[in-house]
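Please read the structure below before turning to the comments.
Chain letters run A, B, ... following the sequence lines, proteins first and then strands; every chain starts at 1. Everything numeric here is computed off the predicted structure, so don't read it as measured data.
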Amino acid sequence: MNDTILEVVDASKHFAGLKAVNGVSFGVTRGEILGIAGPNGSGKSTLFNLITGVPFGPTSGEIRFQGQRIDRWPAHRIARAGLARTFQKDAEFPDLTADETLLICGTYNGQLGRVAARTRSDEVLGLVGFADTRRGIPSRNLSVYEKKQLMIASGLMSRPAVLMLDEPASGLTKPEIENLDRLLVAVNASGVTVLLIEHVLSLLLSISQRLIVLNQGSVLAEGNPAEVVRNEAVITAYLGGRKQ
Amino acid sequence: MMPLLDVKDVQAGYGDMRVLHGLSLHIGPQESIGLFGPNGHGKTTLLKTISSLVRPTAGSITFDGTDITGRKPPAIVEAGLIHAPQGNTLFGNMRIAETLELAAFSKRASNGAEKRLDEVYALFPRLAERKTQLAKTLSGGERQMLSIGCALMCAPRLLMLDEPTLGLSPRLKEELGAAIGEISKSGVPLIVVEQDIEFLLSLTDRLYLVEHGVVVREIDRASAPDHEEVMRLYFGEGGTH
Amino acid sequence: MDTLLATLVSGLVLGSLYALMASGLSLVWTTLGVFNFTHGALMMVGAFIAWTVSEAAGAGPVAGVVAGTLGAGLIGIVIERLVIRPFYASRNMLLVTAMTTLAVTIILERGAQMIWGPRLKQLPPLVDGEIRLFGNAISAHEALLLVAAPIILIALWRFTVSSKIGRSLRAVGQNQDSAALIGVDVPTAFALAFAISAALAGLTGALLGSIRFITPAMGSEPLTKAMIVVIFGGLGSLGSTAGAAYLIGFIEAFLVLWVGLYWTPFALFLLMILVLLLRPNGIFGKR
Amino acid sequence: MTRNNLLLLALFVVLAFVPQIFTDGYVRHLFIIAFIYAIIASNWNLSLGHCGIFNFGHMTFFGIGVYTAAILTKTAGVNPWLAIPACAVTAAISAVIMAAPVARLKGIYVVLVTFAVNQLMVQLVLSQADLTGGAKGLVRLPFLTIGDYSFIRDYKLGYYYLALILLALSTAFLILVAGSPFGKSLKAVRDAEDYATARGISVARTRISVLVLSAIFTGIAGGFYTVYLRVASPEVFGFGTMSLVLSMVLIGGINSVLGPVIAALALTFASEAMAGIGGFEDARYIVIAVAMILVLRLAPGGLIQILERLAPTGQKPATPTRSPA
């Protein structure tokens, strides 16, 4: 089988004059953790949106996932094919409990029956370290960290090939970020390829095997994380520093 | 000396979600300050609270000796406390000239509006070239210019800029920075929110680091942090290996 | 040829009526983001107030039309204050205000029934006589409606484009926060937009009161047509709303000619579903 | 079984004994009407409350049921017992037609289209007078019988129990739907559309399905209404009926199955009681409209929410969430 599980080829997303993502190309190797960084408004979330088709695919370009072109598929079909993602906003189904959330994700995304969904729920909640005592309360009452755990767990219900995380560490405390770090490594070790957008650079650098930096909708740098962050263009894009 | 703006123990948020947890800061007369810190920790909310788009649940805000806590936005604008919000799209279906004329809406601002309009066009010649264009057709940099231009039309006595260079290329950023510097030199005190500490230090006298809804550090020009420290401040411990 | 011209004229009359109705809906929508179900009822109230002042009090039709316009405008302000403003911060403002304005419609319709009773009423025309248009005779009052509608629409358009207050309404509609940050009092702007829209509905009702019978339910059919106009034209700009209004007026007139009164609603309905399947945001809609 | 479902069961047991207590036809008539409203309101709540579709055209499904039964029994001479289930089919078909554009629309356009569909149905019924009787409607329709037994006899005893059974079936159906993964997915689509899509749920398909499901018992209720009252008039689509039923949904409480049922019972009786007061025929609608506004203002979740606040179920209160992302 091909080593590249996901391939983005010259993908662009334009909104009324604004080029949110402009001619981005990269590949994701099966099994890796690929970090995506970039200043605010550099197109990171839009890139996730156009890959997953939520709410719309790219204006132009191709997305290939496990050898198939998916850029014209409806979003729910892309999800069922094994691309799971998380969101920064609307990060929970407020009226549903953790059990209910996982049940529908198992039913729709994983095509599981009730019993199989239940078994899988136990597995994924264990994997993300979600407390059993919190499974029965509506998600609106969960803490920020619990919501993130649940969202990752819900993505894993269908045993996706790729998990795409959009700033999972935002709003978390330092100990929680450390937990998240371990959790993502465990998820990756279970055979899931991980794409990680993150602003908290410490997390990104500690777990990514490769890093892509976006700026103004285009790829600015790509490669070994430790080297990329020393790249002058990257520092300029991030901090705009005019010294040196 | 009495501060121009005094923010004391302000708490505020959206619905059940509290963002500011007792934040305090002050600006002396003729002083400009910068705010920086990670995203989502309350910088924008602070500006919105000062301009009364968000109502504080506790604490007080005093401007030029008057308590303005909880006043309505038009009253804040009338007092001369002007906020140019982040990533501003303003009024997409309005022409630039229309927008700038409308921006001198308050009573105080309507005096001398024509003169200020000329000043804005002088400061941002690109806006003058595009007078009849709709705001939504502008580029990111031009939108920021329009946003700042609008704020200037309000005749500010204190100008708050929320990430004016967000998403701009380094060249544009420099251009805009120069314009903001000119505004500051003309005697308008500033509060600037930015990610870029050096950019802030070039424009303002003091910086506040805002984290988790409070001020965690105050920095002045003399004690400006070096590059490594900046990275650490931003990205947490171990920012650069 | 005669029927064709007659149909055109009838389409023009319908179009004028729908344009006046729909532009009011559009103004409230673009400024507040609220769909005002009371719009038809406000039209009805305007007609009844006009009748009361003109006929019951004997002040004459001109005073009636003025009173109907102002009365509906005032009621509009009260409605905005009582059932719209409390819900500005509501998470589901669009749905909640659709329901509260629906409830107010019931209150106005049943209230009118209680106040004015079931007997059919009609206003005398503002101007007497007939006018020949393309060889067809129409009443001078209908001709007045034909002339008045574009004048009112253009005046409304000029107001929102050129005047400071009108511009501030547009600003509020496009970006409330930014409008507040240049000193516009957003709640006042909302009330004003609602009042203007309501007055426009009242005026339409008072004018229509000489052409059709005044009944508590008279607003419902024009409201439905105005909604179809809005579906066709999108709720964005005054221009596209007015354009769609005249288009629907002509389509309706021609449908009556071609398929007859019997099938017209059905044809209109099919047309609407078709348009929506092909262009979910309306023919002129962009969003 | 949840507390609410137990309450529902208790309610149905009590309702089963009502005819033993109230033997006169009028009170039973009020109950029958209330049951019909309860079916419409609780099914409307499925699309409006559970799935968050701004559906203002639900009465269309009821009206379609009414006219299906009327035309089938009167014009085509179909047995009323067969006409009632046929209403489920026609109502479901009308739901598909309405859902096709609605599935892709957003916000205000959903309100406009559903409302316009409803209003156009009124105009269609009025204009197609040959078939529908126009404004006068269709009258003297056949009534239900089993063998020689007429359901009108014994002070409407037969109709009472049939209405109650239909309500029980509809309620059981709604509880089943709400408890299924599909029912849970409705709330997911309502509250976080993108997240739901990213978990393999097709928003359009969900919307179409929920509209069709909510039309089934509503259509049946329409058919039953016709063979019970033996008239079909365009009023059933009208503004008045619509806002009455909508107020039942709102006052009863979006999000629950029990709320709209109780609200339908309470409002039907309240409305009838007010109609008994001289000169209150119109004012009662005003009172209900005012109540609807007050509920939206004071208890946006409906009265059921207030009841639940009074009797906490031992659920943990919201844990404080920390600073946001």
| query | For B/Ala104, is it the side chain, the backbone, both, or neither that has a heavy atom closer than 4.5 Å to a heavy atom of chain C? | reply | backbone

| task | Sort C/Ala179 into side chain, backbone, both or neither according to what part of it lies under 4.5 angstrom from a heavy atom of chain B. | result | both

| task | Could you tell me which of C/Ala171, C/Pro187, C/Gly173 has the largest number of non-hydrogen atom pairs under 4.5 Å with chain B? | result | C/Ala171

| request: Rounded to the nearest 0.5 Å, what's the gap from SG on B/Cys150 to CD1 on C/Ile182? Could you check? | output: 6.0 Å

| request: Could you tell me the separation between the CG atom of B/Asn93 and the OG1 atom of C/Thr30, rounded to the nearest 0.5 Å? | output: 10.5 Å

| Minimum-distance pair of heavy atoms, taken over all atoms of C/Ser178 and B/Phe91 | CB-CE2, 3.7 Å

| said: Looking at C/Asp185, is its backbone amide N or carbonyl O close enough to the side chain of B/Lys72 to form a donor-acceptor pair, meaning the two atoms are under 3.5 Å apart? | reply: no

| said: Please classify the contact of B/Glu98 with chain C as side chain, backbone, both or neither, using a heavy-atom distance under 4.5 Å. | reply: both

| Can you list every pair that meets ring pair (Phe, Tyr, Trp, His ring centres under 6.0 Å) and has a residue in residues 115-157 of chain B, with sequence neighbours left out? | none

| request: Check whether more than 12 heavy atoms from other residues, nucleotides or ligands sit under 6.0 Å from atom NZ of B/Lys107, and answer yes or no. | output: no

| Atom of C/Leu181, atom of B/His83 and distance for their closest heavy-atom approach | CD1-O, 3.6 Å

| Which atoms form the tightest heavy-atom contact between B/Leu53 and C/Ala180, and what is the distance? | CD2-CB, 3.9 Å

| said: Between C/Arg167 and B/Glu101, does any side-chain N to carboxylate O distance fall below 4.0 Å? | reply: yes

| Heavy-atom closest contact (C/Gln174 atom, B/Gly92 atom, distance) | OE1-N, 3.1 Å

| query | Which atoms form the tightest heavy-atom contact between B/Leu102 and C/Ser168, and what is the distance? | reply | CD1-N, 3.9 Å

| What closest approach, in Å, do C/Gly183 and B/Val77 show between heavy atoms, and which atom pair accounts for it? | N-CG2, 3.5 Å

| field | Other residues, nucleotides, ligands: >12 heavy atoms within 6.0 Å of B/Glu114 CD | value | no

